[in-house]
S.K.: 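Please find one structure pasted underneath; my questions will follow.
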2 protein chains.
Amino acid sequence: MKRTIENIEYEQNSIDIAVFAKALGHPTRVEILKYLDSQSCCFTGDLVDVFPIAQSTISQHLKELKNAGLIQGELKPPKIRYCIDRENWEKARLLFDEFLK
Amino acid sequence: MKRTIENIEYEQNSIDIAVFAKALGHPTRVEILKYLDSQSCCFTGDLVDVFPIAQSTISQHLKELKNAGLIQGELKPPKIRYCIDRENWEKARLLFDEFLK
DNA sequence: CATATTAATCGCAAAATTACGATTAGTTTT
DNA sequence: AAAACTAATCGTAATTTTGCGATTAATATG
């Protein structure tokens, strides 16, 4: 990309909203979160069974959700247990609520 | 992309959330919406003055917000007046509220 | 009618996203 | 120690996004 103006300055609040929103910006990730919420937690393998997409793709989506802070992974060898990060979830809720009100 | 499984089926609700979220997934678009909200309406030219990015880039962001249904443009020749689409805005609010609760 | 103004669109380039299969790393189990 | 299992990472490819300058279309003004 030709970014002649690199380092555009944004309000922190705008960045926070954008980061959460971007993570929610794919239907698969939305449905992963719905599933996670309904099960309270789950393993990658569960998702591979539920969604008709490759294991590596699911792993990638999980990574993005994790990077955005919406989920956390807990080591339960040999599996990894993913749960919604309730603290950030609440933060996102407040941000969207405030923004969209 | 190698999409061996094309036509993945999603819940309509997940698609709706993802479409709104994707539109909100860039800080510039979030700030455009904030500005629109604060001014209730505005012209493209106002945004060009406010944001340090090219006119064509702003136009593109406006297009995406419009495609997602978050804003609407009204012809006020020779300008175009952009306002938040309150109906869809409310729809988005309800979707996120329900989803993040 | 010619000129100015406004904002969309075009064409391009760089970067990010999405998806896959294959491989790898880390644990268990045998 | 060998085999099995789980999930991340790698490498690749197609597509989409982001951004710019230049051009265009549409309207308004002189």
S.K.: Please list each protein N or O that sits under 3.5 Å from an N or O in nucleotides 28-30 of chain C, with the distance.
M.R.:
none

S.K.: Using the side chain to side chain donor-acceptor pair (under 3.5 Å) rule, collect all pairs that involve residues 10-28 of chain A, keeping only residues at least two apart or in two chains.
M.R.: A:Y10-B:T28, A:E11-B:K34, A:Q12-A:D16, A:N13-B:K34, A:S14-B:E31, A:S14-B:K34, A:T28-B:Y10

S.K.: Identify, with sequence neighbours excluded, every residue that meets ring-ring contact (aromatic ring centres under 6.0 Å, His included) alongside A:F51.
M.R.: none

S.K.: What is the separation between atom CG on A:L75 and atom P on D:dA7, rounded to the nearest whole Å?
M.R.: 11 Å

S.K.: Tell me the closest heavy-atom pair linking B:R93 and A:L100, and the distance in Å.
M.R.: CD-O, 3.2 Å

S.K.: Within less than 4.0 Å of OP1 or OP2 of C:dA19, is there a side-chain N or O belonging to A:H61?
M.R.: yes

S.K.: Between C:dC20, D:dA7, C:dT9, spot the one nearest the side chain of A:T44, thanks.
M.R.: D:dA7

S.K.: Could you give the CD-to-P distance, from A:E64 to D:dA8, as a whole number of Å?
M.R.: 13 Å

S.K.: Measure CG/A:L62 against P/D:dA8 and give the value in whole Å, please.
M.R.: 6 Å

S.K.: Could you state the CD1-C1' distance from A:I58 to C:dT18, rounded to the nearest angstrom?
M.R.: 13 Å

S.K.: Does A:Y82 make a side-chain N or O approach to OP1 or OP2 of D:dA8 shorter than 4.0 Å?
M.R.: yes

S.K.: When you get a sec, tell me which of C:dG21, C:dA7, D:dA22 is the closest nucleotide to the side chain of B:F43?
M.R.: C:dA7

S.K.: Roughly, in whole Å, what's the span from NZ in B:K79 to P in D:dA28?
M.R.: 12 Å

S.K.: For B:E98, what residues pass the side chain to side chain donor-acceptor pair (under 3.5 Å) criterion, not counting sequence neighbours?
M.R.: B:K101

S.K.: According to a strict under-4.0 Å criterion, is A:K66 in side-chain N/O contact with OP1 or OP2 of D:dA8?
M.R.: no

S.K.: Toward the 5' end of DNA chain C, which comes first, A:R29 or A:Q55, by nearest nucleotide?
M.R.: A:R29

S.K.: Counting only side-chain N and O atoms of B:T57, is one of them less than 4.0 Å from OP1 or OP2 of D:dC20?
M.R.: yes

S.K.: Return the value, rounded to whole Å, for the distance between atom CG of A:L65 and atom P of D:dA8.
M.R.: 12 Å

S.K.: Picking from D:dT18, C:dA7, D:dC10, which would you name as closest to the side chain of A:S56?
M.R.: D:dC10

S.K.: What distance separates B:I71 CD1 from B:H61 NE2, expressed to the nearest 0.5 Å?
M.R.: 11.5 Å

S.K.: Provide, to the nearest angstrom, the distance between the CG atom belonging to B:D46 and the C1' atom belonging to C:dA7.
M.R.: 12 Å

S.K.: Answer yes or no: is there a donor N or O on one side and an acceptor on the other, between the side chain of A:R29 and the main chain of A:L24, under 3.5 Å?
M.R.: no

S.K.: Name the atoms and distances for all side-chain donor-acceptor pairs under 3.5 Å in residues 72-85 of chain A, with sequence neighbours left out.
M.R.:
| unit_1 | atom_1 | unit_2 | atom_2 | d |
| --- | --- | --- | --- | --- |
| A:D85 | OD1 | A:E87 | N | 3.2 |
| A:D85 | OD1 | A:N88 | N | 3.2 |
| A:D85 | OD2 | A:N88 | ND2 | 3.4 |

S.K.: Taking side chain to side chain donor-acceptor pair (under 3.5 Å) as the definition, give me every residue that meets it alongside B:N67, ordered by chain and number, with sequence neighbours left out.
M.R.: none

S.K.: Indicate whether OP1 or OP2 belonging to C:dT17 is found under 4.0 Å from a side-chain N or O atom of A:K22.
M.R.: yes

S.K.: Return the value, rounded to whole Å, for the distance between atom CZ of B:R81 and atom P of C:dT5.
M.R.: 21 Å

S.K.: Closest to the B:S59 side chain: D:dA8, C:dA7, C:dT18?
M.R.: C:dA7

S.K.: Quick check for you: among C:dA19, C:dA8, D:dG21, whose closest atom lies nearest to any side-chain atom of B:A54?
M.R.: D:dG21

